[in-house]
There are 2 protein chains.
Amino acid sequence: MSNKPATIKEIAKILKISVSTVSRALNDHSSIGLVTKQRVKKLAADLNYEPNQRAIQFLHGKSFVIGVILPELSESFFSEAISGIEDIAYKRNYTVLLAQSHDDAEREKLLVEKMKTQRVDGLLVSVSKTTSTYEHFEMFKKVNIPVVFFDRIPPLKDIHYVASNLETGTYEAVNFLLKKGHRTIGMINGPNTLLASHERKEGYIKAMVSNRLKFDPSLVISCDLSEASTITAMDAMLNHKRKPAAIVTFNDYVALFAMRYARSLNLSGIDFVSYANLPIISYMDYSPIASVEQFPYRQGKKAADILIDLINKPKSQSEVEQAYFNIVVESELIVSKLP
Amino acid sequence: MSNKPATIKEIAKILKISVSTVSRALNDHSSIGLVTKQRVKKLAADLNYEPNQRAIQFLHGKSFVIGVILPELSESFFSEAISGIEDIAYKRNYTVLLAQSHDDAEREKLLVEKMKTQRVDGLLVSVSKTTSTYEHFEMFKKVNIPVVFFDRIPPLKDIHYVASNLETGTYEAVNFLLKKGHRTIGMINGPNTLLASHERKEGYIKAMVSNRLKFDPSLVISCDLSEASTITAMDAMLNHKRKPAAIVTFNDYVALFAMRYARSLNLSGIDFVSYANLPIISYMDYSPIASVEQFPYRQGKKAADILIDLINKPKSQSEVEQAYFNIVVESELIVSKLP
DNA sequence: AACCAGTGTGCAAACGATTGCGCCAAATTA
DNA sequence: TAATTTGGCGCAATCGTTTGCACACTGGTT
């Protein structure tokens, strides 16, 4: 009963006109008379006609699908980013094919393969932590399928990407602490290999310098983001000849570890500032007094927009004049509301 | 330059055989000679031939896509569930079309519409909190597209669903507390309208009764899950003539609020048990001593498996003999490891 | 010599929608 | 009145793949 969806053919047969007329009528083509249009549209509505997307995709040689590969949806940065991607895709009539690499380079490679066999029209990627080779992405370029990276950018030339610049947010953060009266500010940073660590450090330095303070490198300590490593860093801070009165931490986890450790030593009064990645942290007894926000939703939207623009861009005649989008979303300091 | 992907036609032309032979050779059809098969496969590999999925989907009248609508990816229950869904879909050669309702009934309706125009082969849904009408799902049934609900199940007859039974986990939780020596155990439950609240209460009662203790209804207090409401419930607990020495809370947020409130009153020694929904909670200074786990990944896998089974099931001759899958994934108590 | 079985291959239709081209009639113009 | 425009519509090809059917061989059995 009421089984197969209606097709354009059936409409044509019932109305005793040709399928081309029906198609044109539904698409408001100028060469179709008003009465015919209305008759067709009426019947289409009655039959609950909906165009078969697979047929259209097939005809156009396009899938209207964008692939999205990201490390972990359970990280709130990514679950928020995917909302932005989804919203744009929806608005621009694209569909999202989502997959998680779970920070596994092998799996990421497989997923990229699958995206290719699925013939996505474009790819949005935030690369896995363990990824060290990038040929699988290069393949896409060869077949002219645009790839846009976001947040976790591979060290490649000539790519499109959207990422946040943590320098500005960090600058604001340190400035905020200085304005609050702190003179000695520490930073528990991430591994030096990460671009993100570098940006944080640069922001820190700029803030110090622009306030006519001299930058003390020994107050910026790297850690590997584990609790143990955070505690080691904290020990170094606390034994420093200039013990910091405020500390900027690489992320909320590190802040959590550091704050807990400080309390376990019965130390209070140190102000912490972090980078927002755990929404739950605001519910907690102790939380950073301010946070650098990276606007994942906004980044997701932007990246999706760029990707779809690229998909629909007429092919550039010469490869040379190809422009690469390198969009930087500025980060921003959000000061916690007092309870 | 290496533009369009290779097609079966090109292979046929190069090898001077017909497309049907090529197709059959690639699919290992028995009527094709060994030599021909090998020649075809060799060339296909050389040309990086991959079958055009859109063409195949179009031909079969199937999309090999399952739609997934869930409330919020940032809730870890769902982000874990989607991993299970993805994994099964990948394994069984389906593709996932994901969308979030953000707990908005209107949006959910729109998304269901979109899924229909996209002609998904099946639908997996966890309904939004604000959804109160269900016709949009009924539509799918009419056109014979299977729908499987998971976790948040609508109050409908004759539906497929996968959900966890919180009764068993709650039973274990209360039992655990009793074994630990507590005689008076309180429960801060959710709204009575929720099935989940009911299951928790039943588990609580069963545990008490099976330990020959009498059930005191005044020790099970409902709240609306807000902090204020949790505090009200806690006040009632603490002023109870039999002040509970252990409390089971509806979820981790409620546990967080309650524990914080207890500490603010300088109360310690109350044992809390909760239902796992915030992975971060184990990182915190104070956390429940045990948690009822609902295995979202497992639920997601199960739901996806059932859906794909339904999609591929030969049509039942009579509507009557249609069987409905009502799968219950038992919940389970996980006792926190001591640090 | 006629028949059959098996093996290997090609022809052509089908899936649903779009679109360039051509055709016919009515309306306008010369 | 004849010539030209134009509004309205149909024909048929096209996209890539699968598949039922027909056909042409070869080799073996009556």
Side-chain angles (χ1 to χ4, degrees), chain A residues 3-45 47-65 93 95 116-121 143, chain B residues 3-44 47-65 93 116-121 143:
Chain A
N3 230 347
K4 295 292 162 208
T7 71
I8 225 173
K9 268 187 194 170
E10 294 166 6
I11 298 183
K13 189 182 288 180
I14 296 176
L15 260 37
K16 295 190 197 305
I17 56 181
S18 76
V19 288
S20 28
T21 304
V22 176
S23 172
R24 279 186 261 253
L26 291 172
N27 292 313
D28 270 327
H29 195 280
S30 63
S31 76
I32 302 295
L34 195 59
V35 274
T36 316
K37 267 185 194 170
Q38 286 178 339
R39 290 202 325 139
V40 171
K41 285 184 179 174
K42 173 75 168 56
L43 183 60
L47 293 179
N48 285 318
Y49 169 79
E50 297 193 24
N52 183 332
Q53 297 300 321
R54 308 299 139 193
I56 295 176
Q57 292 169 4
F58 171 51
L59 179 68
H60 285 64
K62 278 191 58 172
S63 62
F64 294 94
V65 171
N93 256 299
T95 269
K116 208 181 46 155
T117 71
Q118 282 295 326
R119 280 187 163 60
V120 297
D121 289 339
V143 292
Chain B
N3 230 347
K4 295 293 161 207
T7 73
I8 225 173
K9 268 188 193 168
E10 294 166 5
I11 299 184
K13 189 180 287 178
I14 295 177
L15 259 35
K16 294 191 196 307
I17 56 180
S18 76
V19 288
S20 27
T21 303
V22 176
S23 172
R24 278 186 262 253
L26 290 171
N27 292 312
D28 270 326
H29 196 279
S30 63
S31 75
I32 301 295
L34 195 59
V35 274
T36 316
K37 266 185 196 170
Q38 287 177 339
R39 288 201 326 137
V40 170
K41 284 184 180 174
K42 174 75 170 57
L43 183 59
L47 293 179
N48 286 317
Y49 168 78
E50 297 192 26
N52 183 332
Q53 297 300 321
R54 308 299 140 193
I56 294 175
Q57 293 169 3
F58 170 53
L59 181 66
H60 285 63
K62 278 190 59 171
S63 63
F64 293 94
V65 171
N93 255 300
K116 210 182 45 157
T117 70
Q118 282 296 325
R119 281 189 165 56
V120 296
D121 290 338
V143 293

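In what follows, chains carry the letters A, B, and so on, assigned in the order in which the sequence lines appear, proteins first and then strands, with residues in each chain numbered from 1. All of these numbers come straight from a predicted model, not from anything done at the bench.
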Review point. What are the two closest non-hydrogen atoms of B:Ile32 and B:Lys37, and how far apart are they?
Key: O-CE, 3.6 Å
**Study point:** Least distance between heavy atoms, B:Tyr49 atom then B:Leu26 atom
**Key:**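 In terms of heavy atoms, the two residues are closest at CE2-CD1, 3.7 Å.
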Point to revise | DNA chain C contacts made by residues 27-39 of chain A, counting heavy atoms under 4.0 Å | key: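 Of all residues in residues 27-39 of chain A, the ones placing a heavy atom under 4.0 Å from DNA chain C are A:Asn27.
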Review point. What residues form a salt bridge (Lys or Arg N to Asp or Glu O under 4.0 Å) with B:Lys9, not counting sequence neighbours?
Key: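 None.
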Check your understanding: Can you list the residues that meet the salt bridge (Lys or Arg N to Asp or Glu O under 4.0 Å) rule with B:Lys62, with sequence neighbours excluded?
Key -> none
Study note, to complete from the structure: CZ (B:Phe64) and CD1 (B:Ile56) are apart, to the nearest 0.5 Å, by 8.0 Å
Give a yes or no on whether the backbone of [Y] and the side-chain of [X] come within a donor-acceptor separation of less than 3.5 Å.
X: A:Thr95; Y: A:Val65; answer: no
X: A:His29; Y: A:Ala25; answer: no
X: B:Arg119; Y: A:Glu50; answer: yes
X: A:Asn52; Y: A:Arg54; answer: yes

Check your understanding: When all nucleic acid strands are considered with a 4.0 Å heavy-atom cut-off, which category describes B:Thr7: base, sugar-phosphate, or nothing?
Key -> sugar-phosphate
Check your understanding: Does a donor on one side chain and an acceptor on the other come within less than 3.5 Å for A:Thr21 and A:Ser18?
Key -> yes
Point to revise | Residues from residues 51-65 of chain A lying under 4.0 Å of DNA chain D - heavy atoms | key: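 Those residues whose heavy atoms fall under 4.0 Å from DNA chain D, taken from residues 51-65 of chain A in numerical order, are A:Phe58, A:Leu59.
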Are the side chains of [Y] and [X] in contact, using a 4.5 Å heavy-atom criterion?
X: B:Leu15; Y: B:Val22; value: no
X: B:Ser31; Y: B:Arg24; value: yes
X: A:Leu59; Y: B:Phe58; value: no

Practice item. Would you kindly compare A:Lys9 and A:Arg24 by the position of their nearest DNA chain C nucleotide and give the one closer to the 5′ end? Key: A:Lys9
Point to revise | Opening and closing nucleotides of DNA chain C in contact with chain A, under 4.0 Å to non-hydrogen atoms | key: C:dC15 to C:dG20
Point to revise | Terminal contacting nucleotides, 5' and 3', DNA chain D versus chain B (heavy atom, 4.0 Å) | key: D:dC15 to D:dG20
